[in-house]
Each structure stands twice: as C-alpha cells, then as structure tokens.
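Both backbone and side-chain heavy atoms feed into the values below; hydrogens, waters and symmetry mates do not.
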Amino acid sequence: PILAEHQLQLSENASIRFNPFLMRITLSDINLLSTKNNQENTVFSLDELMLQVALWQLAFDKVVLSEFSLTQGTLKVTQHDDDLVIAGITIPSSAKEAEQDTEEIIAPSTEETVEKSGSSLPYQLIIPDFLMSQFTIEVEKKVPHKKNQTHHINIEQLALNQVKATHNEQQANLVLTAFVDETHLALSANAHLIAGKGDISSNISLDDYPIEKLTHYADELTELKGSLSFDSQLTITLA
C-alpha cells in the first residue's frame, strides 16, 4: 500500500527474508516498477542484499553490522525542473519544503523541548566491511524543448571498511572503482573526525571524460567539446 501511493509496485518474485537466530535480513530478486503514465518502468532493482547484526554486541552498546553487502542493482534518478525523482519517489525541492513548513504552525511544548535537548543514543555503530558491486545509477535530466540528457554511473566496486561512529567520533575508509559515462573513475578516501574536527584525505583520478556530456549544465554555451582528465590528492581539514 505504501508503494501504491507513489504508483509503484514490487515484482511478484521478490524475496525478503529474516532469520531471527542470526539477525540476518536477505533481500533478493527485488524489482520496483513505476506504473505512472500507464507504463511499467523499472526504477530500482537489486539481485541481493545481505545484512547481519551481531546481536550480542548490543550488550556493550555497539551496533555491529558483521555482514553487509549489495550485489548487482540499478537505480534510476530523474531531474525535472525543481523536482528530483529517486526510484520513482518525488523528492520536493527545498523551496517547496519551506513553503509547506510556513503553512504549518507548530508550537512545541516544554516537555518536547526538554526531550530534544536530552543526550543522544549511547550506541557505537561499527561496520567492519561494506561491499557494493556491479551497481548502475542512471541519472536523467529533462530539459524543456531539448533532448533529455542521461548519465550512467556504473559502480564496479565500492568498499567501505573500518567504519566506527559515535556521537563524538567518526572514522571510515572508502575505495571506489567506477565508470562515469564510460569514463574510468577511481577514488580512495579515509576520514577521522573528533567532535566534528579532523582530516579527510582522498585520491581521485578521472581519465578522458567527454565534456560535451556537461553541455546542458551550461545554458550560456552553444557548444562544448573536448576531454577532461585529472589526478588529485586532497586533504580537507575541518577545524
């Protein structure tokens, strides 16, 4: 019923399983279809997702995802005017959200104010390894009176490891290998922040990206041709 509100439906062969003894959730053969305009279009698909929580670690105020992997999937994103549609669900622009907020006048009680100012949850989030492989993101930008522009991001592998996060301290390592519009992209990064302060170090490289793919982002230009390559080592310091 929740999907139907967005004119979405789940394929009949989709499988969602939960093992309470292992605290493992397994999703497989997920195919989400949009039925807008009386046409069925796949807006999200997933071959398999596995997520397992180490239940005994909760006794030590730790949420440990002992297994977390995502294999072979697709995601469709569409940008039209100020709206962004992700997997068939329209995300309103910040301007529209501001208008909705001004229409609703909410006066929080003293009890609500006290609850918000209370301490945060004491749990520490730990993800030893997260692996995403063979995942494709299609980004389509609808331009009035012009041919729609489409970008394809093919993630060969995204590895996130040594993730530890508390209210005051966060750290993680990331390695990404992908193709953006058939152009090779490599990214590695690591971060360690304490109370919002610290360093984020990264290496990124892009080889021969066709810049005519960016023409629709520059209305002032009638023509844009060439290729873009760069190799960068960057450290961001939050202080």
| field | Connected-component partners of I236 among ILVMFWY, side-chain separation under 4.5 Å | value |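 I236 clusters with L193, I200, L234, L238.
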Where [X] and [Y] come nearest, the two heavy atoms and their spacing:
X    : Y    : value
F18  : M23  : CZ-SD, 3.9 Å
A189 : S202 : CB-CB, 3.9 Å
I155 : M132 : CD1-SD, 3.9 Å
T183 : D208 : OG1-O, 3.6 Å
H151 : K213 : CE1-O, 3.2 Å
N173 : L160 : O-CD1, 3.2 Å

| Within residues 46-73 or reaching into it, pairs that qualify as ring pair (Phe, Tyr, Trp, His ring centres under 6.0 Å) - sequence neighbours excluded |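 Residue pairs with at least one partner in residues 46-73: F68-F130.
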Would you say [Y] and [X] are linked by a side-chain donor-acceptor pair, where the criterion is simply a distance under 3.5 Å?
X    : Y    : answer
S229 : D207 : no
T74  : T136 : no
Q9   : E40  : yes
S15  : D29  : no

How long is the span from the [atom1] atom in [X] to the [atom2] atom in [Y], to the nearest 0.5 Å?
X    : Y    : atom1 : atom2 : value
L84  : I91  : CG    : CD1   : 6.5 Å
D231 : S205 : CG    : OG    : 5.5 Å
L10  : N13  : CG    : CG    : 8.5 Å
T215 : K225 : OG1   : NZ    : 9.5 Å
L174 : N190 : CG    : CG    : 10.0 Å
E138 : T78  : CD    : OG1   : 7.5 Å

| Pair K164 + E169: basic N to acidic O under 4.0 Å | no
| Between L70, L49, L51, D47, which is the residue that forms a side chain to side chain contact (heavy atoms under 4.5 Å, CB included) with L27? |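 Among L70, L49, L51, D47, the one that satisfies the side chain to side chain contact (heavy atoms under 4.5 Å, CB included) with L27 is L49.
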| Option from I126, V63, V64 for which side chain to side chain contact (heavy atoms under 4.5 Å, CB included) with Q57 holds |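 Exactly one candidate clears the test, V64.
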| task | Check whether more than 12 heavy atoms from other residues, nucleotides or ligands sit under 6.0 Å from atom CD of E182, and answer yes or no. | result | no
| query | With sequence neighbours excluded, what pairs up with E156 under the salt bridge (Lys or Arg N to Asp or Glu O under 4.0 Å) test? | reply | none
| task | Would you sort out whether T235 and D199 count as a side-chain hydrogen bond (donor to acceptor under 3.5 Å, both in side chains), showing the intermediate values? | result | CA-CA 7 Å; T235 299; D199 291 340; over 6 Å; no
| request: Indicate yes or no for a side-chain donor-acceptor contact from Q170 to the backbone of T166 under 3.5 Å, with no hydrogens or angles considered. | output: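 The answer is yes, because a donor-acceptor pair under 3.5 Å joins these two groups.
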| message | Walk me through whether L8 and F44 qualify under side chain to side chain contact (heavy atoms under 4.5 Å, CB included). | response | CA-CA 10 Å; L8 297 170; F44 178 77; over 6 Å; no
